[in-house]
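Read the structure below first, then the notes.
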Amino acid sequence: MVKIIETVTDAIAIKLLNKNTIIIGKGNELHLYKRVDPGEGMFEQEVLNIKLNNKIHGIEYCNANLLLIYGEKEFILVQWKVYCDKFEEFYRAQLTDWISGAAFLKNNQIALLTAHSIILRFEYDTKEKVCDLLERITCVDDKSTLYCSQLYGCTWEELIIFSGNAFGELLIWQPSLNKVNESKENFRNSFLLHRINAHNGVVFSIDYNAANEMLITTSDDRALKWWKVTKDQRNWSTSHLQSLASGYGHVARVFRGLIFTEGTKIYALSVGEDSYFCLWLSSGELLFKRHQQYGAIIWNLAYDSDTRTVYTVGSCGNLIAYNLKDAFKEHVKLLVKPKSLLRNTEEYITKIKFLNERELLGITSQNRVIKMYSDRSDFSEGQKCQVIEEVINFKCTVMEIHKDSIALCGYKRLVILLYNEISQQFKRIYDNEILQSVIRSFVFFESGKYLVCDDQGNCILMRNNIISCFELPKSKEPWLTTALLLNEDEVLLLSNRQGHVLLYKYNEVEKSYALKHTLKNVHGNLGATKLVPILINESEALVVSTGHKSCLNRILVDFKKCIMKLCTKDNIPVAWVEDFVQIFKYSPILLGFNDNHFVAWSKDYDFLLQIPCGGGHRCWHYVISTAEEKFITLAFIQNKKVVIHYRPIQNEALLLLPIAKKWHTSPCNIMEIYQQDDLGVNIAITGGEDNLIKIHNICEKGLRERFELHHHISNIRTLRAVLVKDDEILIFSGGGRAQLSIARVNVQTGYREELINHTIKNLEQNFKQLTTNKYNYEPETRLMALDLLKIDDCQYKIYVGCSDGYVRLLHFKASEPCEIRQISQLFYNKCILQLQLIEEENCVIVGSTEGSLKFFNIFLNECLYKINHHQSGINALAIHYDAATRSVKMLSGGDDQAVCYTELGFSSGSEWKILNKFHRPFWHTAQVTAAYILANGSYGLTGGLDQNFYKINLKTGEILESFHSCIADIKGVSCWRYKTKAYFFIYGCGYQAFCFDD
């Protein structure tokens, strides 16, 4: 008996049962979300003991507390016993065609629409637990495959069918308008009322709102279309549809649309392949757009009008909520002309900063400093303000504020003011010409500690009245962009406009800073915007740098050696990062810009905030409230006007549901389980088509993601992990673009560092020997499989099987500096699919697209043994070596849909011989892509694209247990042992954790 522990896969169906209860279909499972405290509390998740055989595609609900759940060709009827909060299945049936849509009707009836326009009417009885077919109606005008449908109406006579096909057509018909089929007496035919060319691609969803006589359609042409429906009360034969508007807010296929009303206005929501949901007006205007599912496809949505909350489900199985009440409000207030500027129509504010939550400081085009006050609800034209400096007699190039200190910079000159918030007074404490040219940069470390830089690269660092002067390297724009003091001010880290990060060391004798090390081109031409320390000890610091690229750079700073090392680059969905702040307990919030929006982003909750501002190339500033409920006030200058936004940072609905699973947004190709029981290390390392390596903790409830590696530029096909020392492992990974990456990871602290990023190439000495007909190096070569041979604690041999037909042997040295070189290669002449090393026998087993398994010596210059396993490619290979008997067990699956098993041993002459073998060609009905042999060597597992899994007795070749998984495109299976039990993980488009009950 198989016990499912956790399922992470497509969640396609969702239904709001009431404001406190939501049910979704994740894979073939039903997941119930129920509020802990009815009305306002968080939701708890429960997996119901009701499943379909395949994925759930739709859920319908009626007020009699009945649910109709369907997927592929199967449907079930479920009764919700509210008094005891139990769900009980009372009927299940299988059709001969896929179910496209369903609906409850009056008089205990349901209607099911198949994918080829056949409507089936059933009558059910909850007491007798039966469901009888009453009528079968065929739409004879159209036999195309339906991609979506909506069944509208409460009775059979009112029922209207809206459906869409791959030709972009919207089909409308009424099954109650039918006649007897002359050739088949028991069948009745109906006819299309409308066939409308609605889109330039597949129609994926239709939603009709009768109260407003509006209909929307969505398609893979990226459009959401609005239609006006005019008809008699119940007569659709004379109805007419008029196209009103089209909206293009998505950049990929739009899978679902939903109409709703808010007040007197009609809105629509749409979700799609680009992981965004969009809010639309009926005019086609896009009001709001949010990245909702961490890059995963959004399949469906539901809307709660009482709380104004949208719920979305996607390809990673997550249910994510977002409250739209702020999206319906207008938050913009304009400071068009403060009263002090009204006398001069040409004067306007050029720079602005927040002094505190309620006061702003601005500099005008006439070089006047003004202070403005507001209670946030009254930022308006004619704003009262106080003139601080009537004329500062120089053009201000930089204004910076830190707590009560204000720095004003210009040509050679620096002015520092102190502000007393109680007395509302400013005091000038410093005014001097300190540099040789125009000051371009000013960085506050503390109130009395700052760094100033002019446009010639001259710098002055002031530390408690200690002045240190130094110069930056000469360049076209030599000034700095940001800086950070470390190690009790002994080490200065800064970035310049060339994108370099520079390390300076303080010289006590010369009272100055000297350049010690440079990391070149870490950022773009505009340089870093922020340097933030995240780990510091006596000898080193780990610093995160942000800039005008969609990544976070992790830089390790060694205080003793005065050197820096770029450890990793983490890709993020924010194009321009300006600040890195820790507000809540979860991951830090990044503030920056995406195109023309100011955004706040968190890894745990995705985009928290999106404010239209025109882009980041303007003067702007923000302040975050100190109250428990965090609000952000954003001010920026646009078209010579100051624009203010006041928004909550955290959307309340994001906290209602369990934290989302961060699984791969594309299929997972490989999973490596690494465990050290004595150290308590249990991790799963996965790599996928999304170019990411993810490290997860394993527990009895499944996987919990720790962090990611963003080292690959293409998909990841293979990886191996090896222990270096306590809690520290090396991860060897390969994939597309002939890329081999080697990273060092501490599984406890989360520290990671990429040691090598190597492109596999042919040996130089062999280039002359290879003709263009035999081999032409292709940069798109994939690394399909790899294995490791450990020489000592810092040296490894890496065996790599490549898609170009080569098996390559590389030598890696992990000591500083790391080195890698190719030492030999074998031309196999077929795409390598499998490669495993048996260290005890000094041999490498290679499987390819030809279906055979070959044993090579560790030098790759001699074939020791060959056995034919399949007629074509070997997609899965499991090896089990028994050192006591020197036997090798091999379980494989291939493109030929067969499962093959061979056990090899040694004869007296030290030659391989077959001890046991079986071939099963008909177990699977599709490619076999997963194979595993349990630790005792007695049992094996196989799985394939048919989603069937078998537990096999390897001695007899018999199936002991089987089950059908809801994971599509299965790539493999891995095993984790906990105590005395084995837990298995199927992976592909999602993953499923399961075990066999004893």
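Counting begins at 1 with the first residue of the sequence. Values below: all heavy atoms of this structure, side chains included; hydrogens, waters and symmetry mates excluded.
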Check your understanding: Relative to the ring of Tyr622, is the ring of Phe598 parallel (under 30°), tilted (30 to 60°) or perpendicular (over 60°)?
Key -> tilted
Check your understanding: Out of curiosity, Leu435 CG to Arg413 CZ, how far, rounded to the nearest 0.5 Å?
Key -> 14.0 Å
**Study point:** Lys/Arg-Asp/Glu bridge criterion (N-O < 4.0 Å) met for Glu347, Arg368
**Key:** yes
Check your understanding: Quick one: does Cys459's side chain get under 4.5 Å of Leu451's, heavy atoms only?
Key -> yes
Point to revise | Parallel, tilted or perpendicular: rings of Tyr276 and His291 (30°, 60°) | key: perpendicular
Check your understanding: Picking from Phe354, Phe593, Phe636, what satisfies ring pair (Phe, Tyr, Trp, His ring centres under 6.0 Å) with Trp620?
Key -> Phe593
Review point. Can you tell me if Gln293 uses its side chain to pair, donor with acceptor, with the backbone of Asn318 under 3.5 Å?
Key: yes
Practice item. Measure the CG-CG distance between Leu531 and Leu486 for me, rounded to the nearest 0.5 Å. Key: 8.5 Å
Check your understanding: Under the 6.0 Å and 45° cation-pi test, does Lys640 pair with Tyr348?
Key -> yes
Study note, to complete from the structure: Heavy-atom closest pair (Ser545 atom, Ile555 atom, distance to 0.1 Å) is OG-CD1, 3.9 Å
**Study point:** Heavy-atom closest pair, residues Asn507 and Val509
**Key:** OD1-N, 2.9 Å
Review point. Below 4.5 Å, heavy atoms only, C-beta onward: do Leu324 and Phe277 meet side chain to side chain?
Key: yes
Check your understanding: Do the side chain of Lys662 and the main chain of Ala660 share a donor and acceptor less than 3.5 angstrom apart?
Key -> yes
Practice item. Ignoring hydrogens and angles, tell me if any N or O in the side chain of Arg428 forms a donor-acceptor pair with the backbone of Val415 under 3.5 Å. Key: no
Check your understanding: Taking Tyr419 as the fixed residue, which of Lys427, Gln424, Gln425 is the one that meets the side-chain hydrogen bond (donor to acceptor under 3.5 Å, both in side chains) rule?
Key -> Gln424
**Study point:** Gap between atom NE2 of His548 and atom OG1 of Thr546 - 0.5 Å precision
**Key:** 9.0 Å
Study note, to complete from the structure: Shortest non-hydrogen pair, Leu279 vs Leu286, comes out as O-CD1, 3.5 Å
Practice item. Say whether, by atom type as modelled, one donor and one acceptor occur between the side chain of Ser441 and the main chain of Trp479 under 3.5 angstrom. Key: no
Point to revise | CG (Asn571) with more than 12 external heavy atoms under 6.0 Å | key: yes
Exercise for review: Taking Lys289 for its side chain and Gly249 for its backbone only, find out whether a donor-acceptor pair lies under 3.5 Å.
Suggested key: yes
Review point. Passes side chain to side chain contact (heavy atoms under 4.5 Å, CB included), Asn521 versus His500? Steps please.
Key: CA-CA 5 Å; Asn521 303 317; His500 307 330; 3.4 Å; yes
Practice item. Determine whether Leu414 and Ile460 make a side-chain contact, defined as any pair of heavy atoms from C-beta on separated by less than 4.5 Å. Key: no
Check your understanding: Side chains of Glu578 and Trp576: is there a donor and an acceptor less than 3.5 Å apart?
Key -> yes
Check your understanding: Using 30° and 60° as the class limits, which term best fits the ring planes of Phe288 and Tyr322: parallel, tilted or perpendicular?
Key -> parallel
Practice item. Give the C-alpha distance, both sets of side-chain angles, the deciding distance and a yes or no for side chain to side chain contact (heavy atoms under 4.5 Å, CB included) between Leu461 and Phe445. Key: CA-CA 10 Å; Leu461 177 60; Phe445 301 113; 3.5 Å; yes
Point to revise | Heavy-atom donor-acceptor pair, Asn367 side chain to Asn393 backbone, under 3.5 Å | key: no
Check your understanding: Salt-bridged, Lys603 to Glu705, with N to O below 4.0 Å?
Key -> yes
Study note, to complete from the structure: Rounded to the nearest 0.5 Å, the CD atom of Glu510 sits from the OG atom of Ser468 at a distance of 11.0 Å
Point to revise | Pairs involving residues 436-446, ordered by first then second residue, that meet salt bridge (Lys or Arg N to Asp or Glu O under 4.0 Å) (sequence neighbours left out) | key: Glu446-Lys449
Review point. Any idea which heavy atoms bring Asp404 and Ser447 closest together, and the distance?
Key: OD1-OG, 3.9 Å
Review point. Is the closest side-chain heavy-atom distance between Ile406 and Val369 below 4.5 Å?
Key: no
**Study point:** Short side-chain to backbone donor-acceptor contact, Thr518 and Lys520, under 3.5 Å
**Key:** no
Review point. Nearest heavy-atom pair of Arg290 and Leu608: which atoms, and what distance?
Key: NH2-N, 4.3 Å
Review point. Side-chain donor-acceptor pair under 3.5 Å between Glu400 and His402, yes or no?
Key: no
Point to revise | Neighbour count above 12 (heavy atom, 6.0 Å) for Lys516 NZ | key: no
Practice item. Indicate the atoms forming the closest heavy-atom contact of Ser475 with Gln498, along with that distance. Key: OG-OE1, 2.9 Å
Check your understanding: Within a strict 4.5 Å, meaning less than it, do heavy atoms of the Leu287 and Leu281 side chains meet?
Key -> yes
Review point. What pairs meet the salt bridge (Lys or Arg N to Asp or Glu O under 4.0 Å) rule with one or both residues in residues 542-560, with sequence neighbours excluded?
Key: Arg554-Asp570
Revision key, fill the gap. Between the OG1 atom in Thr481 and the CG atom in Asn496, the distance rounded to the nearest 0.5 Å is 7.0 Å
Review point. Quick one: do the Ser495 and His523 side chains pair a donor with an acceptor below 3.5 Å?
Key: no
Exercise for review: Using a 4.5 Å cut-off on heavy atoms from C-beta on, say whether the side chain of Met564 contacts that of Leu493.
Suggested key: yes
**Study point:** Minimum side-chain heavy-atom gap Phe426-Leu361 below 4.5 Å
**Key:** yes
Study note, to complete from the structure: Contacts of Tyr267 meeting ring pair (Phe, Tyr, Trp, His ring centres under 6.0 Å) (sequence neighbours excluded), chain-then-number -> Phe260, Phe328
Review point. Are any non-hydrogen side-chain atoms of Leu609 and Ile589 less than 4.5 angstrom apart?
Key: no
Check your understanding: Between Asp606 and Trp601, do the side chains contain an N or O donor and an N or O acceptor separated by less than 3.5 Å?
Key -> yes
Exercise for review: Check whether any side-chain N or O of Asn323 sits under 3.5 Å from a backbone N or O of Glu652 as a donor-acceptor pair, and report yes or no.
Suggested key: no
Exercise for review: Indicate yes or no for a side-chain donor-acceptor contact from Lys351 to the backbone of Cys396 under 3.5 Å, with no hydrogens or angles considered.
Suggested key: yes
Review point. Given Ser405 and Leu418, is the side chain to side chain contact (heavy atoms under 4.5 Å, CB included) satisfied, shown in steps?
Key: CA-CA 5 Å; Ser405 300; Leu418 278 183; 3.5 Å; yes
Exercise for review: Ignoring hydrogens and angles, tell me if any N or O in the side chain of Asn356 forms a donor-acceptor pair with the backbone of Glu359 under 3.5 Å.
Suggested key: yes
Exercise for review: List the steps, then state whether side chain to side chain contact (heavy atoms under 4.5 Å, CB included) holds for His621 with Lys353.
Suggested key: CA-CA 6 Å; His621 199 226; Lys353 294 279 185 181; 3.6 Å; yes
**Study point:** Worked check of ring-ring contact (aromatic ring centres under 6.0 Å, His included) between Tyr411 and Phe394
**Key:** CA-CA 7 Å; Tyr411 179 70; Phe394 65 88; over 10 Å; no
Point to revise | Gap separating the NZ atom of Lys403 from the CZ atom of Phe444, nearest 0.5 angstrom | key: 11.5 Å
